[in-house]
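Structure record follows, encoded as structure tokens.
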Amino acid sequence: MREAIASAPGKINLSLRVGPRQADGYHPLVTVFEAVSLREYVQARTRRAPGIGIRDIVCNPEGGIDRQQSALMRELPPQKHLAYRAAEALRPLAAAHGWGATSAGVSLTVYKTLPVAGGMAGGSADAAATLVALNEMWSLGLTIDNLCQVGARLGADVPACLRGGLSVGTNRGDKVEPLQRQRHDWWALAFSDQGLPTPDVFAYFDGLNSGSDAEARFLESGADLEADLDADIAGLVNDLAPAALALRPDLSQVGEAALEAGATEWTVSGSGPTVACRCVDEASARRVGKKLTELPSVRDTAVVSGPAPGAQLESGLPVQLMRISAGR
Ligand code: C5P
């Protein structure tokens with residue numbers, strides 16, 4: 001048996017500008033991604049049986065298993081799981097590399113620490129970690145650029161999770177260029193008790209932005225982005241926030257409570273419903289996180305920093321995941 005373990009970060013969009021829906025159903029984006037220290041881990045193993053087996057273990061920030069979310073993930077058809085689709089995308093290459101179609105059976109265990117349908121690219125991080133793990137396990141020799149090409153076909157945020165750090169995303173968010181900037185951010189994240197499907201938020205966004213000036217406004221975003229970058233992304237921008245907040249008004253209360261507790265600013269992360277609260281340092285982020293756990297709509301909180309490294313091979317699982325794995 002061969003095995004490889006890889007991890008990939010979740011992301012927060014420091015700036016997310018969205019244009020009108022295109023004929024392919026997607027929206028053009030200009031966005032600044034910051035990869036953050038909360039990571040998904042994927043353990044890949046060869047197996048005798050052909051095909052791809054997948055099992056999810058959803059972990060809570062206290063280091064235990066979230067049994068309810070883990071059970072929900074089991075109901076997801078495998079073909080909808082981005083880790084499964086990442087394995088499917090690489091399997092033909094594995095067969096070409098001497099792993100005959102039958103010996104290229106693989107079992108994937110996905111340790112999820114990012115919120116499910118939370119706007120932090122958890123599914124994309126699963127795909128990114130799977131691509132890196134299988135590239136190693138099957139000795140495919142693919143470069144990060146190769147993996148980004150494969151990843152972009154799986155989901156718009158996969159290349160950003162592969163590259164990590166700070167990056168600018170254009171097109172669907174899948175064309176990603178690294179951004180060289182010195183910065184260090186602390187965030188308190190508030191996870192919601194319910195997910196918010198990304199397509200619903202984009203559809204609501206369409207309703208709010210149906211005017212004829214939507215295209216022109218977006219075209220100005222490139223110039224706005226330059227200004228954002230010159231100011232070192234001083235303020236968070238998220239064009240999807242009005243839609244996410246209209247669908248989930250309770251999220252505004254979370255943001256307001258964060259400001260009262262000392263956060264400098266807040267936004268929904270991507271399409272939400274995770275609320276990302278920027279704080280001056282780790283101690284402040286911990287105070288804010290503690291305060292937010294008292295709110296009824298907040299399931300959990302976590303303190304994270306960024307920018308964090310992109311998808312990478314790991315020599316093993318971190319201690320808290322090893323404990324979970326051993327106690328399962
Ligand atoms: O690419 P991904 O599968 O992550 O996107 C999920 C959904 O989000 C898409 O089906 C689409 O409805 C919406 N989306 C979009 N424009 C983007 C990215 C995502 O409309 N640039």
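For ligands, and for the atoms within them, numbers begin at 1 and follow the listed sequence. Side chains included, hydrogens not; waters and symmetry mates left out as well; all remaining heavy atoms used.
- Looking at heavy atoms from C-beta onward, V18 lies in side-chain contact with F205 at the 4.5 angstrom threshold.
- Atom CD of Q79 sits in a crowded spot, with more than 12 heavy atoms from other residues, nucleotides or ligands closer than 6.0 Å.
- At distances below 3.5 Å, not a single donor-acceptor pair connects side-chain atoms of N135 with backbone N or O atoms of V132.
- For R163 and D145, the salt-bridge test passes: some basic side-chain N is under 4.0 Å from an acidic carboxylate O.
- Within 4.0 Å of ligand 1, protein heavy atoms come from G25, Y26, H27, L29, G155, A156, R172, T198, P199, F202.
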task: Start with the C-alpha distance between R248 and D250, add both sets of side-chain angles, then the distance that settles salt bridge (charged side-chain N to carboxylate O under 4.0 Å, His left out), and finish with yes or no.
output: CA-CA 5 Å; R248 288 286 306 278; D250 57 302; 2.9 Å; yes
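- Note on residues 120-133: pairs passing side chain to side chain donor-acceptor pair (under 3.5 Å), not counting sequence neighbours, are K112-D126.
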